[in-house]
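A note on names: the letters A, B, ... follow the listed sequences, proteins ahead of strands, and every chain is numbered from 1. Source: prediction; values computed, not measured.
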2 protein chains.
Amino acid sequence: MSPARTTAGAPISSIGRAIAVLGCFNERRRALTLSEISKKSLLPMSSTHRVVAELVTGGFLVRGSDRKYRIGTRMWSIGQLAPVSDQLRHRALPTLARLYEETGENITLAVLDRGQALYVDRLGGERSVHTGARAGGHLPLHTTGVGKVLLAWQTPAAIEKYLGRPLERTTPYSIVDPVKLKKELDETRERGYALTRQESTAGNGSVAVPILRGGRAVAALGVVAHLTHLDIPRLVEVLQAASESIRHELENDH
Amino acid sequence: MSPARTTAGAPISSIGRAIAVLGCFNERRRALTLSEISKKSLLPMSSTHRVVAELVTGGFLVRGSDRKYRIGTRMWSIGQLAPVSDQLRHRALPTLARLYEETGENITLAVLDRGQALYVDRLGGERSVHTGARAGGHLPLHTTGVGKVLLAWQTPAAIEKYLGRPLERTTPYSIVDPVKLKKELDETRERGYALTRQESTAGNGSVAVPILRGGRAVAALGVVAHLTHLDIPRLVEVLQAASESIRHELENDH
DNA sequence: AACGGAGGTTCCAATGAGCGGAACACTACT
DNA sequence: AGTAGTGTTCCGCTCATTGGAACCTCCGTT
């Protein structure tokens, strides 16, 4: 009897293990030692060692001079072929860059993916604050500006469905009460943009606007900044202009 | 005896097969049917079916309504964690966007990766011409502007090594004679930028400049456009300014 | 309606690739 | 020298993986 196959109930295939290993990496832990991978993936060391070695051979992992493993260029390269709102990203990028120049703060572009906000692009690293958002990363809908926007402009049914699930708390300011969140979403829809104050990360606030098509948000555009920098009226203005501009780009020749 | 393990000499592990399947996808073929994958990967249909099914379960592949398979969001998401010139890309993006606004043409940023030009960013889709370049894609060093730049500013030894290998031809204008290419590289270094005329794709030309650090090109910045649009003096000027600007960005606070 | 072909899926017996425990290295800190 | 943490190799058992074959489901054609 082989323990690993009996522990979790469902037997895990070799490929499933490889994916599990790759899944250990995330925005917080981009470099892992073998033991860390072993712990996170719940695989025995020797199995981890073998799987990891094969992934390195395939170029999906690389081992740095610090002996830690990282996601390899090959994985990035193939990943780029995924259809992740390609149109949107291409059309929006120049506008995002302009926003970044104007504000000097983190600019984020997110879409709805599997009940979370998927950040498809993010501009502005060192000049601005550190946020949880990363291109390729997922964050909850109810704690982020772009998330609240994406949720507010969904169908009522989809909103209800989201409210029915447990709402995770990430800071003391997170809105985790379904009733309060529903009210917040209504207000967001009314005023046309969303605000957060330390609901996702301490010290930060955000403003976000939807990119609308047929009454639904196909994406959300946001600015994250330190609370003390947050000039809301100005940001709302530039964001709404940018959103309009992207909407036009999307409508042109397509 | 299992044929698949004896055909190619080296036995291929389950994980290796999965990687081979994912490797079937490329810029030309972003959506594949099961049979196409089977043919390309040289795996029997039933094996392909199983491997693909597991990759779908893991979110590394998705099946569209056209029944074709595509790279999944999960793969993109994890791939984003790969350290692909992160600093460079973040710092350069606003400058790339400005270049795009100014020229309206394809702007590319590439680095050297495994003896090829790896496009780490590309701006400007529909407004401009169609090129072979794609963020995440690899192209030969000797047929592209950014490639010639990356090669020209390597060590003499690295250049000789490259010249020793067979040079692939992609258009009738490609330079595939090592002697001519060496001369071309010398000229490139002298004048400070590279030019191509239909050497990569028919009808297109390009201008490219290096982003230098310590006498070596850490990256190359290029513009690809239809030959008739190619205002070389102007492009050289804006590219060199942009290169300078990115070089400064890279030097600041790091 | 019958045919044919291509694409896709399921089945199943055989088997060897993957499995993980154990023993072994290597380093670092004490 | 001792201990703890990390990484690597070995090896016999076994079950997941394998691929041929049968089957299914759409097509367009006859």
Between [atom2] of [N] and [atom1] of [X], the distance in whole Å:
| X | N | atom1 | atom2 | value |
| --- | --- | --- | --- | --- |
| A:Asp66 | D:dT6 | CG | C1' | 14 Å |
| B:Leu43 | C:dG8 | CG | P | 15 Å |
| B:Arg63 | C:dT9 | CZ | P | 4 Å |
| B:Met45 | D:dC23 | CE | P | 17 Å |
| B:Leu34 | C:dT10 | CG | P | 11 Å |
| B:Leu61 | C:dG8 | CG | P | 14 Å |
| B:Glu54 | C:dG18 | CD | P | 12 Å |
| A:Lys68 | D:dG5 | NZ | P | 17 Å |

May I ask you to say whether A:Glu251 pairs ionically with A:Arg247, meaning some side-chain N is under 4.0 Å from a carboxylate O? yes
Looking at every strand, decide which applies to [X] at a 4.0 Å heavy-atom threshold: base, sugar-phosphate, or nothing.
| X | answer |
| --- | --- |
| A:Lys39 | sugar-phosphate |
| A:Arg50 | base |
| A:Ser35 | sugar-phosphate |

For C:dG8, does either OP1 or OP2 sit under 4.0 Å from a side-chain N or O belonging to B:His49? no
Any side-chain N or O of B:Arg67 below 4.0 angstrom from OP1/OP2 of C:dA6? no
A:Ser206-A:Thr196 side chain donor-acceptor pair, cut-off 3.5 Å: yes
How close do B:Val111 and B:Ala219 get, heavy atom to heavy atom, and via which atoms? CG1-CB, 4.0 Å
Determine whether more than 12 heavy atoms belonging to other residues, nucleotides or ligands lie under 6.0 Å from atom CZ of B:Arg29. no
Atom CZ of A:Arg165 with >12 non-hydrogen neighbours under 6.0 angstrom: yes
Nearest-nucleotide check on DNA chain D, A:Thr33 vs A:Ile15; residue mapping nearer the 5' end is A:Thr33
